[in-house]
**Student:** 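So that we are looking at the same thing, I have put the structure below in structure tokens.
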2 protein chains.
Amino acid sequence: MGLTKTHMFTDKQNELAKIAKVLAHPARVAILEYISRQDACICTDLVDIIGLSQPTISQHLNEIKKIGLLKGNYEGKNLCYCINQERWEELQQTFHLFFSNINRNCC
Amino acid sequence: MGLTKTHMFTDKQNELAKIAKVLAHPARVAILEYISRQDACICTDLVDIIGLSQPTISQHLNEIKKIGLLKGNYEGKNLCYCINQERWEELQQTFHLFFSNINRNCC
DNA sequence: ACATATCATCGTAATATTGCAATATTAAAA
DNA sequence: TTTTAATATTGCAATATTACGATGATATGT
């Protein structure tokens with residue numbers, strides 16, 4: 001087994017889970033925090049800032065890119081990444097909605 | 001390897017990642033949605049509602065319990081679960097803060 | 001006491017994730 | 001063109017996650 005049965009759930013449930021999975025690693029949280037607080041695109045080595053190896057950082061960036069949170073392209077030799085703000089706000093709204101729907105419970 | 005290097009990150013980053021990891025599976029999202037929308041404690045078999053086996057549901061519930069989102073105890077033979085509302089609002093705030101900190105970027 | 005229902009735990013198989021060394025690619029600089 | 005710097009890809013080892021059958025524990029009902 002070890003295979004998530006996505007077909008058993010709604011698109012929204014799978015979508016939220018997919019986004020959460022990207023946030024489910026402290027390195028990716030750290031990367032997002034760092035990039036989102038910059039005034040400009042980052043064209044620097046996250047490697048030094050985060051402290052993981054270059055291939056590892058590259059892979060984490062790729063995971064973040066997959067859910068559309070990063071915008072950017074090559075600016076000469078270096079990469080130029082920044083947050084895709086529209087997508088960022090979309091995800092913010094997704095989590096907001098998830099957490100908003102709660103009834104008064106007992107216990 | 002395969003071992004997350006938690007010591008390299010801040011407590012807040014690790015905490016957010018830990019919470020996100022719980023939300024990173026559609027079954028757990030579905031379970032939380034279901035429980036949070038009930039008027040009362042659930043004393044029923046999530047097994048039928050979600051559609052996974054009883055041991056699997058039990059494990060997922062346990063993951064959710066670990067981050068304090070569930071409150072409940074045995075009520076006779078059956079379990080009585082509901083959302084821990086204080087914790088729920090705490091996590092809501094955690095995500096809200098994470099998504100609120102963003103600067104205007106370029107690109 | 002015994003059967004039944006409900007939930008937890010154990011063991012195990014399949015798959016996914018994490019991290020890095022080695023290597024490849026890409027584009028500027030010399 | 002060759003070198004250099006930055007990022008991506010590949011391959012692999014270690015670990016984690018997902019799922020379920022079998023079994024165990026506990027409480028209710030007969």
Side-chain angles (χ1 to χ4, degrees), chain A residues 1-9 13-14 17-32 34-35 41-67 70-82 107, chain B residues 1-9 13-14 17-32 34-35 41-67 70-82 107:
Chain A
M1 313 280 153
L3 182 59
T4 297
K5 300 189 163 179
T6 51
H7 63 281
M8 305 181 71
F9 307 101
Q13 286 163 349
N14 284 315
K18 205 177 73 180
I19 298 163
K21 198 178 250 178
V22 173
L23 301 180
H25 195 292
R28 292 193 289 265
V29 172
I31 290 172
L32 281 168
Y34 181 75
I35 301 184
C41 288
I42 59 148
C43 309
T44 174
D45 36 356
L46 277 165
V47 177
D48 293 344
I49 294 153
I50 306 293
L52 293 170
S53 76
Q54 180 269 321
T56 304
I57 295 289
S58 185
Q59 280 179 106
H60 281 310
L61 278 171
N62 205 253
E63 293 301 311
I64 299 172
K65 243 189 285 184
K66 274 189 200 160
I67 58 164
L70 290 183
K71 212 166 48 166
N73 28 36
Y74 279 102
E75 180 128 327
K77 183 174 48 183
N78 298 357
L79 256 180
C80 170
Y81 277 130
C82 61
C107 290
Chain B
M1 313 278 156
L3 182 58
T4 297
K5 301 190 162 178
T6 51
H7 63 281
M8 304 181 72
F9 307 100
Q13 287 163 347
N14 284 315
K18 205 176 73 179
I19 299 164
K21 197 178 249 178
V22 173
L23 301 180
H25 195 291
R28 292 193 288 265
V29 172
I31 290 171
L32 282 169
Y34 180 76
I35 301 183
C41 288
I42 60 148
C43 308
T44 174
D45 34 359
L46 277 166
V47 176
D48 294 343
I49 292 152
I50 306 292
L52 293 170
S53 77
Q54 181 269 320
T56 304
I57 296 290
S58 187
Q59 276 180 106
H60 281 310
L61 279 171
N62 204 252
E63 294 301 311
I64 299 172
K65 242 188 288 184
K66 274 188 200 161
I67 58 164
L70 290 182
K71 212 165 49 166
N73 29 36
Y74 280 102
E75 181 128 326
K77 183 175 49 183
N78 299 357
L79 256 181
C80 170
Y81 276 130
C82 61
C107 288

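Keep in mind it's a predicted model, so treat the numbers as computed, not measured. Convention: sequence-line order gives letters A, B, ...; per-chain numbering from 1. In what follows, every heavy atom counts, from backbone to side chain, and hydrogens, waters and symmetry copies are set aside.
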**Student:** So B/His25 and B/His60, would you call those rings parallel, tilted or perpendicular, with 30° and 60° as cut-offs?
**Tutor:**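 Plane angle between 30° and 60°, so tilted.
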
**Student:** Rounding to an integer number of Å, can you tell me how far B/Asn62 CG sits from D/dT18 P?
**Tutor:**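 It works out to 13 Å between those atoms.
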
**Student:** Check the distance between D/dT17's C1' and B/Lys18's NZ and give it to me in whole angstrom.
**Tutor:**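 For the pair B/Lys18 NZ and D/dT17 C1', the rounded distance is 17 Å.
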
**Student:** What is the separation between atom CG on A/Asn14 and atom P on D/dT18, rounded to the nearest whole Å?
**Tutor:**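 So the CG-P distance, A/Asn14 to D/dT18, works out to 13 Å.
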
**Student:** So, taking the atom named CD1 in B/Ile49 and the one named CD1 in B/Ile31, what distance separates them when rounded to the nearest 0.5 Å?
**Tutor:**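 CD1 of B/Ile31 is found 10.0 Å from CD1 of B/Ile49.
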
**Student:** Whole Å only: how far is the NE2 atom of A/His7 from the C1' atom of D/dA19?
**Tutor:**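 So the NE2-C1' distance, A/His7 to D/dA19, works out to 12 Å.
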
**Student:** Does the side chain of B/Lys21 get closer than 4.0 angstrom to OP1 or OP2 of D/dA16 through an N or O atom?
**Tutor:**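 So the side chain of B/Lys21 is outside the cut-off, no N or O lying under 4.0 Å from OP1 or OP2 of D/dA16.
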
**Student:** Taking only side-chain N and O atoms of B/Lys65, does any of them lie within less than 4.0 angstrom of OP1 or OP2 on C/dC7?
**Tutor:**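 No, no such contact exists.
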
**Student:** Which atoms form the tightest heavy-atom contact between A/Met8 and B/Gly51, and what is the distance?
**Tutor:**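 Residues A/Met8 and B/Gly51, closest heavy atoms: CE-O, 2.9 Å.
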
**Student:** Quick one, which residues of residues 50-61 of chain B touch DNA chain D with a heavy atom under 4.0 Å?
**Tutor:**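 Heavy-atom cutoff 4.0 Å gives B/Leu52, B/Ser53, B/Pro55, B/Thr56, B/Gln59, B/His60.
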
**Student:** For A/Glu63 and C/dT18, what is the distance between atoms CD and C1' respectively, to the nearest whole Å?
**Tutor:**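 Atom-to-atom, A/Glu63 to C/dT18, this comes out as 10 Å.
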
**Student:** Taking side-chain hydrogen bond (donor to acceptor under 3.5 Å, both in side chains) as the test, write out the residues that go with A/Lys66, two or more places apart.
**Tutor:**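 So A/Lys66 forms a side-chain hydrogen bond (donor to acceptor under 3.5 Å, both in side chains) with A/Glu63.
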
**Student:** Find the distance B/Ile64:CD1 to C/dA8:C1' and express it as a whole number of Å.
**Tutor:**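 The answer, rounded to whole Å, is 16 Å.
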
**Student:** Expressed in angstrom and rounded to an integer, what is the separation of B/Leu46 atom CG from D/dC20 atom P?
**Tutor:**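 Nearest whole value for this atom pair: 14 Å.
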
**Student:** According to side-chain hydrogen bond (donor to acceptor under 3.5 Å, both in side chains), who are the partners of A/Lys65, at least two apart in sequence or on a separate chain?
**Tutor:**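 Listed in chain order: A/Tyr81.
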
**Student:** How many Å lie between CG on B/Asp48 and P on C/dC7, as a whole number?
**Tutor:**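 It works out to 10 Å between those atoms.
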
**Student:** Side-chain contact test, heavy atoms from C-beta onward, threshold under 4.5 Å: evaluate it for B/Leu46 versus B/Gln54 and give yes or no.
**Tutor:**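 Not in contact.
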
